[in-house]
Number of protein chains: 2
Amino acid sequence: MPSLPCPAYQVLRLLTGKWKPAILFHLREQTLRFGDLRRCLPEVSQKVLTAQLKELESDGVIIRTLYPDVPPRVEYCLSPLGVALIPLLQQMHDFALNHVDLLAGQGPVSSEPAATSG
Amino acid sequence: MPSLPCPAYQVLRLLTGKWKPAILFHLREQTLRFGDLRRCLPEVSQKVLTAQLKELESDGVIIRTLYPDVPPRVEYCLSPLGVALIPLLQQMHDFALNHVDLLAGQGPVSSEPAATSG
DNA sequence: CGGCATCCCAAGCGATACTG
DNA sequence: CAGTATCGCTTGGGATGCCG
């Protein structure tokens, strides 16, 4: 089997997912229901959102609560592990802001050649 | 297009790769050549190692230096961005160690049912 | 409202063989 | 010693449509 590459990788796995950081940030201070998250992340299809949520729940990062009400309602909130991960996420967020210059090659961000020196 | 989910995701992308954290840790204090890294990571095929290294280099996390010697020699070291990422990696590593209990479901770690209370 | 099923495409990871 | 090319499998992400 895949053995384990590095302890840090285990933590990385928890966060690895295109929308997981965003989801976790939205859940940072408040419990949200599925519909709320969809509103927060309009770019994400519900299939993908559900998948990310399921992974997060499966990994013990968030907690899913199903209410037997009608119409059905589901709420998501951070688990202890999830809250513990927030500082880490926050640092990545901060890092991105502080090193935005160095990250200027990760995506289709620049439509202009970024004037090399004037 | 894929828009961008979250600033933290940009940073996550840099580290996302099964062997990247391990590679970065090995490069933490010393420059290593390809062969050295292979020795450090015997579980990784050279094709995959090369790929991870190329991504890391492409993302500006590490620097690849080719020496025109014979036999050919290539050395890898952290870039400024790479060294800046080390603390983050270190925290993930530390996190993994401190929350190892909560991570007990992420992989084929336990061969035993984790004695429930005895 | 929330979720599942299906279909599709792209990326990641892995093993092997070959090259300079 | 270091890297490339090929092939195949598994995962992840995305769009649509149907169900409770």
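Because only heavy atoms are used, hydrogens play no part in the values below, and waters and symmetry mates are left out as well, while side chains stay in. All chains are named by letter (A, B, ...) in the order of the sequence lines, taking the proteins before the strands, and each is independently numbered beginning at 1.
- In this structure, A:Tyr67 reaches neither bases nor backbone, as no heavy-atom distance under 4.0 Å exists between it and the strands shown.
- Contact check, A:Trp19 against D:dG12: no side-chain N or O comes under 4.0 Å of OP1 or OP2.
- Residue A:Ser79 holds its OG atom at 5.5 Å from CD1 of A:Ile63, rounded to the nearest 0.5 Å.
- Rounded to whole Å, the distance from CZ on B:Arg38 to P on C:dG14 is 13 Å.
- Taking each heavy atom of A:Leu56 and A:Leu14 in turn, the nearest pair found is CD1-O, 3.6 Å.
- Listed by chain and residue number, B:Trp19, B:Leu41, B:Val48, B:Leu49 satisfy the side chain to side chain contact (heavy atoms under 4.5 Å, CB included) test with B:Val44 (two or more places apart in sequence, or in another chain).
- Here C:dG14 presents its C1' atom at 14 Å from CD of B:Glu55, a figure rounded to the nearest Å.
- Rounded to a whole Å, the CG atom of A:Leu15 is 14 Å from the P atom of D:dG12.
- The list of salt bridge (charged side-chain N to carboxylate O under 4.0 Å, His left out) pairs with a residue in residues 70-81 of chain B, not counting sequence neighbours, reads B:Asp69-B:Arg73, B:Arg73-B:Glu75.
- With rounding to the nearest 0.5 Å, the separation of CG in B:Leu53 from CD1 in B:Ile62 is 4.0 Å.
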What side-chain donor-acceptor pairs closer than 3.5 Å can you find for residues 31-38 of chain B, not counting sequence neighbours?
from, atom 1, to, atom 2, distance (Å)
B:Asp36, OD2, B:Arg33, N, 3.1

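- Atom CG of B:Leu27 is separated from atom CG of B:Leu78 by 5.0 Å, given to the nearest 0.5 angstrom.
- The separation between A:Lys18 atom NZ and D:dG13 atom C1' is 7 Å, rounded to whole Å.
- Where B:Gln52 and A:Leu53 each meet DNA chain C at their nearest nucleotide, the meeting point lying more 5' is that of A:Leu53.
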A:Gln52/A:Ile23 under side-chain contact (heavy atoms from CB on, under 4.5 Å): CA gap, chis, key distance, verdict: CA-CA 9 Å; A:Gln52 304 270 304; A:Ile23 292 171; 3.8 Å; yes
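- Residue B:Arg64 has a polar side-chain atom (N or O) positioned under 4.0 Å from OP1 or OP2 of D:dG3.
- For the pair B:Leu41 CG and D:dA2 P, the interatomic distance rounds to 14 Å; values are reported in whole Å.
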Stepwise side-chain contact (heavy atoms from CB on, under 4.5 Å) check, A:Arg13 with A:Asp59: CA-CA 9 Å; A:Arg13 292 274 306 194; A:Asp59 287 337; 5.8 Å; no
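- With sequence neighbours excluded, the residues that form a salt bridge (Lys or Arg N to Asp or Glu O under 4.0 Å) with A:Glu55 are A:Lys20.
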Can you list, pair by pair, the side-chain donor-acceptor contacts under 3.5 Å of residues 87-97 of chain B, counting residues two or more places apart and other chains?
from, atom 1, to, atom 2, distance (Å)
B:Gln90, OE1, B:Arg28, NH1, 2.6
B:Gln90, OE1, B:Arg28, NH2, 3.4
B:Gln91, OE1, A:Gln91, NE2, 2.7
B:Gln91, NE2, A:Gln91, OE1, 2.7
B:Asp94, OD1, B:Asn98, ND2, 3.3
B:Asp94, OD2, B:Asn98, ND2, 3.0

What protein N or O atoms touch nucleotides 15-20 of chain C N or O atoms at under 3.5 angstrom, if any, and at what distances?
from, atom 1, to, atom 2, distance (Å)
C:dA17, N6, B:Gln46, NE2, 2.9

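- Between A:Pro21 and A:Gly17, the closest heavy-atom pair is CD-O, 3.3 Å.
- One interatomic measurement links the two molecules: CG of B:Leu12 to P of C:dA11, which rounds to 18 Å at whole-angstrom precision.
- Listed by residue number, B:Arg33, B:Phe34, B:Gly35 are the residues of residues 30-37 of chain B with a heavy-atom contact under 4.0 Å to DNA chain D.
- Contact between the side-chain N/O atoms of B:Tyr9 and the OP1/OP2 oxygens of D:dG13 is not found at any separation under 4.0 Å.
- With rounding to whole Å, B:Leu49 atom CG is found 12 Å from C:dC13 atom P.
- Atom CG in A:Leu66 sits roughly 16 Å away from atom P in D:dG20 (whole-Å rounding).
- When distances run from any side-chain atom of B:Lys54 to the nucleotides C:dC1, C:dG12, D:dT4, the shortest one goes to D:dT4.
- Taking the screw axis at each terminus of the helix from C:dC1-D:dG20 to C:dG20-D:dC1 from five consecutive base pairs, the angle between the two is 40° to within rounding of 10 degrees.
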